[in-house]
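A short worksheet on the structure shown next.
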Amino acid sequence: MRINQSLILLIFVCLISFATQAQKAHIQKNPSIDVAVLRDKIAGAWIGQMIGNMYGLPHENKYVNAPGLEKWPYGYSKSLDKLKKYEGAFSDDDTDVEYMYLLQMQKFGPEPTYSQLRDAWMYHIRDRVWLANRGALGLMHFGYSPPYTGDKNLNPHWFQIDPQLINEIWAFTAPGMVQYAADKSDWAARITSDDWGVEPTLFYGAMYSAAFFENDMTKLIGIGLNALPENGRFRATVNEMIALHKKHPQKWQDAWQEMAQKYYIDEPDLTKTIWNANLNGACAVLAILYGENNFQRTLDLSCAMGFDADNQAATIAGLMGIILGFNQLPANLYLPIEGWEKPFNDNYINVTRYDLPNAKISAIIDNTVEETIELVVKNGGKLSTKNGKQMLQINSDAKFQVPLEFNIGPLPQIETGDKVDFRFYTEANKAYDWSLIAGQLPPGLSFDKGKLTGTAVQSGYYNITLQLANEGNKISHDFTLLVREKNIAPTADTIFANVRNLNQKVLDSCWYTFGKSMYATQVDVINDGKTRGSGSVFYSLAAKAKIPKVDYYGYGWKEPQKISMVAFHTGCMEEFGGWFTSLNVQYMNEEGKWISVEKLTIEPALPKTDIVYYQPHFVEYVMSFNTIETKAIRIIGDAKIENHWNKYTKNVSGFTSITELKVYP
């Protein structure tokens, strides 16, 4: 069923109604909260998320073609065995990254930097990570820092659900600081995601922060809406869910059908997945609206809405945990095993992350309260004692100040004679003072306020040092700029490749996670100048048999060419392969034999491991060597064969992913 004209009219009416409500949706100025109440609500956030996560896991990705049946309560079902096994709550991606973030807050203070969080990711997260999170981790190991790790030009999963399920902690440590919480949630979400993929995280962040002082769910949704970009995709989606609820007040299944049609079935190919952030955010809003402030009903609805259901369940249960406080949560949900006397036996057992310590849930809560008080006071709040009670006054006007740091990402790809317009800054550090304090710019280029502009006239390497300053604080960073001659790959007469055509039947049999329009069918795309988007990525996927394979890509010319550099641009990586485990450059001599180049360097080096979690999407490897004169050149190496849990994907040969191969004199 498609959204029709009557629904469009209803949306318009609801927009007017909700706009009025949203204008009123705010908490009182500089409110105060009893620290005991604060702890109860933070306990509700943590324990609520644990309830939702473990309750929702058996329903993860289960309901796609139709919602779950209304046979409630669902109960913990399969999760009960793990709860018994671990004698407490067990970690999963809805809580373990937030627990890791809490440890960084304890180590560095309540406002850690991107760099500190990146270090934590690379140390603690070594497996059990998917989609945008996996893409971000690969880019971190490549050398990039956030927000480049979530940039839509580098992380092809930028639109997936990941950030909205790992960032609630930034909001429930900022009670009543709604704008602060929304901005910090946006900042943190960009570790893995971009554009409208981060918008549900802002929405939840604002609601989580406000829920310490507001228990009306309609007003909370209004507060969440106010935090969203005025013309943002998710803002429109939330309003459409409100309209669907009004259209089908007693029939959530009908609302689900219309929602799924628009945001899943009719979703554009490149962003059509069951993990889409907008789609799953829509599911959550419907669960909230039809849940009618009842914890158990909302929890079951979160599961029944389907798609990546455990994430909605965890996030919404955490939100309701703040509203209700731990003391009003249903005891049977946090005491699911006979004999337990404390929530989940007061045990949080790490089964997912490297070297994260097991913890007492009560200690996690106490540590979160400490970080919350420190953050509130740091941002203009005040801790005092009144009538024997500790009271925390909130500065509701607090603003999140982005930490002073360089964000490290791809440097400009400069060719002589081409205009350059490159920004070293991101939205995160744009406002700080930028200056060039040492080194020599390439001739023809100039630097001003974080921008590099002009036309380079001379190839070579140029070392520069940039400085960032803010209110007396200064930091500097060294950069090496590479100016290249013109790429001669487009002038080639021949393209060499051992696999020239994608075997689409083999691809269709596999568990792949990108829109099919991403994949080019022929190898000819490797010198078309396109490194992103539809038709840009070629996979050397050929056989169904699981066999080792050597891949090569290269060019031939009728006339000899002098060459000293090749740039290999990777495409997107799958869970079951796509990368070289070794790489060499060869040229054809006068006898027609392939010979390895001399003094080859690859910058940066290939990952030291061929584990999937270390492989970056959409990056460039620059391969330099002694100048050769030849009519043909190629890169060649071993294609990885990666084991995979999907039975159809297990018997697939090794393959590599490429968007461009550039060649420079």
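The basis for the numbers below is simple: all heavy atoms, side chains too, and nothing from hydrogens, waters or symmetry mates.
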- Can you name the closest pair of heavy atoms from Asp94 and Gln49 and give their distance? O-OE1, 3.7 Å

- Not counting sequence neighbours, which residues clear side-chain contact (heavy atoms from CB on, under 4.5 Å) with Ala255? List them please. Leu244, His248, Leu286, Tyr290

- Name the orientation class of the two ring planes belonging to Phe326 and Tyr334 (parallel below 30°, tilted from 30 to 60°, perpendicular beyond 60°). tilted

- Check the angle between the aromatic planes of Phe514 and Tyr519 and answer parallel, tilted or perpendicular using the 30° and 60° thresholds. perpendicular

- Query: Just one of Ser302, Cys303, Ser77 clears the side-chain contact (heavy atoms from CB on, under 4.5 Å) bar with Tyr55, so which one?
  - Reply: Cys303

- Message: As a test of understanding, state which of Asp186, Ile191, Asn167 forms a side-chain contact (heavy atoms from CB on, under 4.5 Å) with Val198.
- Response: Asp186

Between [X] and [Y], does at least one N-O distance fall below 4.0 Å, as a salt bridge requires?
X: Glu258; Y: Lys247; value: yes
X: Asp266; Y: Lys272; value: no
X: Arg190; Y: Glu427; value: no
X: Lys262; Y: Glu240; value: yes

Tell me yes or no: between the side chains of [X] and [Y], is some donor less than 3.5 Å from an acceptor?
X: Asn30; Y: Ser396; answer: yes
X: Asp96; Y: Thr352; answer: yes
X: Ser185; Y: Thr201; answer: no

- Query: Using the benzene-type ring in the case of Trp, are the ring centres of Tyr99 and His124 under 6.0 Å apart?
  - Reply: no

